[in-house]
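Side chains are part of it too, since the values below use all heavy atoms of this structure and drop only hydrogens, waters and symmetry mates. Bear in mind that the values here come from a model prediction, so they are computed numbers and not experimental data.
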Amino acid sequence: MRTHTERQAWRSPAWILAGLSLLLGGGARAAENPADGPDAASALRFSGFATLGLTHNDNATAGAITSFSQLRPVRKGWSANMDTALGLQLEWQPAQGTTLQVQGVARAGEDMKPRLRIAALRQQLGQGLSLNLGRVRSPLFFDSSIAEIGYANLTVRPAPAIYALTNSVASLDGADLHWRLNLGDASLLAQVFGGRYDYTHRFNNLSPAISADASLRGLVGFSLSAHLQDLTLRFSHTEIDRYVLRSEQVSQLNQGLDQVGGTLRQLALNPMLPPTLQAALQSKSQGLDALRNPFDNRPSYSSLGLDGNWQQWRVLGELTWMDPRNDLVGRGRGYSLTLARSLGDVTPYLSVARLKRSRATLNTEALAPTGLNPQLDGGLQQLQQGFGRAQQFADISSRSLSLGLRWDWRENMAIKTQLDLVRTPDAGKPGPLAVSSLPFDNKLQLFSVTLDLVF
């Protein structure tokens with residue numbers, strides 16, 4: 001039977017690669033070791049991680065993704081696009097307590113195009129304080145900072161039902177401040193962070209699929225973690241002041257609203273109309289203006305997660321809350337739970353996850369027909385149908401049941417197999433799946449095989 005330290009050994013290298021959460025990076029340890037001289041402090045350190053994975057999808061009407069920035073979903077048949085990734089990291093410590101980190105990641109689902117995940121200066125400030133400046137790994141949810149580092153995850157991947165949206169926000173451009181307090185065998189870690197992030201949001205639910213420019217501004221948050229001998233608890237909360245989504249299609253929608261709104265305002269100027277009807281047309285025009293840029297929002301994210309061990313058993317769980325403050329998208333709350341048992345180097349596990357959206361309440365009364373002009377009413381009807389379809393595709397509710405096996409066959413290397421049964425609420429709600437038309441087959445089965453390693 002493996003000890004707790006042995007069971008957790010595979011997890012530590014990936015936390016080092018992540019370069020944040022637990023402050024276990026190589027530079028930090030060098031700074032804490034008085035035996036390290038100037039030559040050791042200035043050494044350049046190279047490390048990395050990789051996942052070679054194949055996934056089979058049995059559904060011809062829906063593709064699988066791990067994030068909404070993924071260019072190539074896993075369509076029916078076998079594909080390497082779900083999990084295959086390569087990450088490389090360089091660390092340089094020019095002085096004790098100061099570390100420069102750069103990390104790039106290339107994913108098969110994004111045509112192996114390198115993306116910059118970390119480009120940060122980490123400065124130890126003493127008394128358990130450290131500061132990161134630049135681009136750091138995402139701190140949004142419990143496993144956000146290691147979501148694409150396959151070896152760091154017990155399962156093949158964090159459940160897309162919970163992580164598909166936050167995986168799109170892979171990094172943060174700004175700063176975070178850590179304070180760590182050691183209490184014997186336990187420790188407490190407090191983190192505050194702030195900054196911004198830009199990414200390309202992929203609308204795979206259109207045919208053909210399109211890309212949009214997504215910008216997050218005024219991102220601020222905090223997390224509190226307790227690390228006990230056999231248990232880790234973490235709570236985090238993030239507020240985003242402005243989430244802006246722009247694309248050619250959003251611009252076309254805005255133009256359509258402007259044209260119909262302009263027609264309504266022109267009709268309201270007709271002196272032959274009763275004053276009450278003129279006021280109603282003006283109000284309808286203002287209602288159309290309120291529907292511009294329908295995906296813009298001010299989201300908040302909260303997460304409560306745990307990772308516990310008891311003898312040969314391991315339990316991972318997380319509760320999440322998402323409030324975009326957007327009537328088109330609606331609120332979401334979710335959970336994930338994984339139970340695993342260690343049998344030497346082999347660990348079978350069972351996972352369940354679910355995200356449920358509260359009923360969205362977008363007010364489209366301004367799109368009701370006027371009865372004054374057939375052409376105008378036709379335009380209003382088209383807009384109403386478009387918003388109804390957008391509201392269906394914005395529902396990312398889903399649930400999944402996963403059965404898997406992890407084999408730590410060599411040091412820093414693991415082979416995993418996993419079967420996922422994924423379902424959305426009904427054939428008109430695609431959830432986190434890439435669906436080009438409705439209705440669709442809302443049950444999807446994935447089988448995955450991966451080789452994960454760190455070096």
Side-chain angles (χ1 to χ4, degrees), residues 4-5 8-9 11-45 47 89-103 117-146 152 171-196 218-239 302-307:
H4 166 74
T5 301
Q8 294 296 316
R11 198 173 171 90
S12 298
W15 280 103
I16 295 171
L17 291 172
L20 23 112
S21 302
L22 302 182
L23 300 181
L24 293 179
R29 291 200 307 276
E32 294 169 358
N33 188 351
D36 290 337
D39 292 340
S42 61
L44 193 64
R45 187 167 175 267
S47 57
Q89 178 167 304
L90 288 176
E91 291 187 2
W92 177 52
Q93 189 175 3
Q96 287 194 357
T98 302
T99 305
L100 294 173
Q101 288 183 320
V102 177
Q103 183 189 96
R117 294 292 192 249
I118 299 176
L121 170 68
R122 181 171 59 206
Q123 180 63 51
Q124 302 291 331
L125 303 177
Q127 302 299 319
L129 283 173
S130 67
L131 176 68
N132 290 296
L133 292 173
R135 171 164 290 188
V136 297
R137 278 271 183 177
S138 171
L140 293 184
F141 281 179
F142 188 68
D143 283 329
S144 288
S145 63
I146 60 167
S171 302
L172 168 67
D173 295 328
D176 66 27
L177 181 68
H178 292 76
W179 177 63
R180 187 184 185 108
L181 176 64
N182 294 318
L183 302 169
D185 293 335
S187 65
L188 299 176
L189 179 66
Q191 177 190 19
V192 293
F193 48 86
R196 55 183 285 180
L219 188 155
V220 295
F222 71 91
S223 69
L224 298 173
S225 303
H227 304 276
L228 311 177
Q229 185 174 6
D230 293 304
L231 179 66
T232 296
L233 297 171
R234 181 181 186 268
F235 174 76
S236 67
H237 180 74
T238 304
E239 296 276 345
S302 298
S303 162
L304 177 62
L306 67 87
D307 184 350

Discussion item. Let me confirm one number: the CG-CG distance from Leu304 to Leu233, rounded to the nearest 0.5 Å.
Written reply: 7.0 Å

Worksheet item: Can you name the side-chain hydrogen bond (donor to acceptor under 3.5 Å, both in side chains) partners of Glu239, sequence neighbours left out?
Response: His237, Arg325

Response to the item:
In this structure, CG of Leu125 is separated from NE2 of His178 (nearest 0.5 Å) by 12.0 Å

Discussion item. What's the separation between atom CZ in Arg234 and atom CG in Asp307, rounded to the nearest 0.5 Å?
Written reply: 12.5 Å

Discussion item. So which atom in Leu172 and which in Gly194 form the shortest heavy-atom distance, rounded to 0.1 Å?
Written reply: CD2-O, 3.9 Å

Worksheet entry | Steps toward side chain to side chain contact (heavy atoms under 4.5 Å, CB included) verdict (Ser236, Ser303) | CA-CA 5 Å; Ser236 67; Ser303 162; 3.6 Å; yes

Worksheet item: Side chains of Gln103 and Arg135: do they bring a donor and an acceptor to under 3.5 Å?
Response: no

Discussion item. Evaluate Ser187 against Arg180 for side chain to side chain contact (heavy atoms under 4.5 Å, CB included), listing each step before the verdict.
Written reply: CA-CA 7 Å; Ser187 65; Arg180 187 184 185 108; 3.4 Å; yes

Discussion item. Nearest 0.5 Å, please: how far is CG in Asn132 from CD in Gln191?
Written reply: 8.0 Å

Discussion item. With a 4.5 Å cut-off on side-chain heavy atoms, are Leu219 and Phe193 touching?
Written reply: yes

Practice prompt. Given side chain to side chain contact (heavy atoms under 4.5 Å, CB included), test Leu44 with Glu91 step by step and report yes or no.
Written response: CA-CA 6 Å; Leu44 193 64; Glu91 291 187 2; over 6 Å; no

Discussion item. If you apply the rule side chain to side chain contact (heavy atoms under 4.5 Å, CB included), what do you find for Val192 with Asp176, and how did you get there?
Written reply: CA-CA 6 Å; Val192 293; Asp176 66 27; over 6 Å; no

Worksheet item: Just how far is it from atom OG1 of Thr99 to atom CG of Leu121, taken to the nearest 0.5 Å?
Response: 8.0 Å

Worksheet item: Considering all heavy atoms of both residues, which atom of Phe235 and which atom of Phe222 are nearest to each other, and what is their separation?
Response: CE2-CZ, 3.8 Å

Discussion item. Quick one about Gln124 and Ser130 (side-chain donor to acceptor, distance below 3.5 Å, no hydrogens or angles considered), yes or no?
Written reply: no

Worksheet entry | No-hydrogen, no-angle side-chain donor-acceptor test under 3.5 Å, Asp185 and Gln229 | no

Fill in: Given Arg45, Arg117, Gln89, the one that forms side chain to side chain contact (heavy atoms under 4.5 Å, CB included) with Gln101
Gln89

Practice prompt. Go through the side-chain N and O atoms of Gln123 and Thr98 and say whether any donor and acceptor fall under 3.5 Å apart.
Written response: yes

Discussion item. So, taking the atom named CG in Leu133 and the one named CG in Asp173, what distance separates them when rounded to the nearest 0.5 Å?
Written reply: 12.0 Å

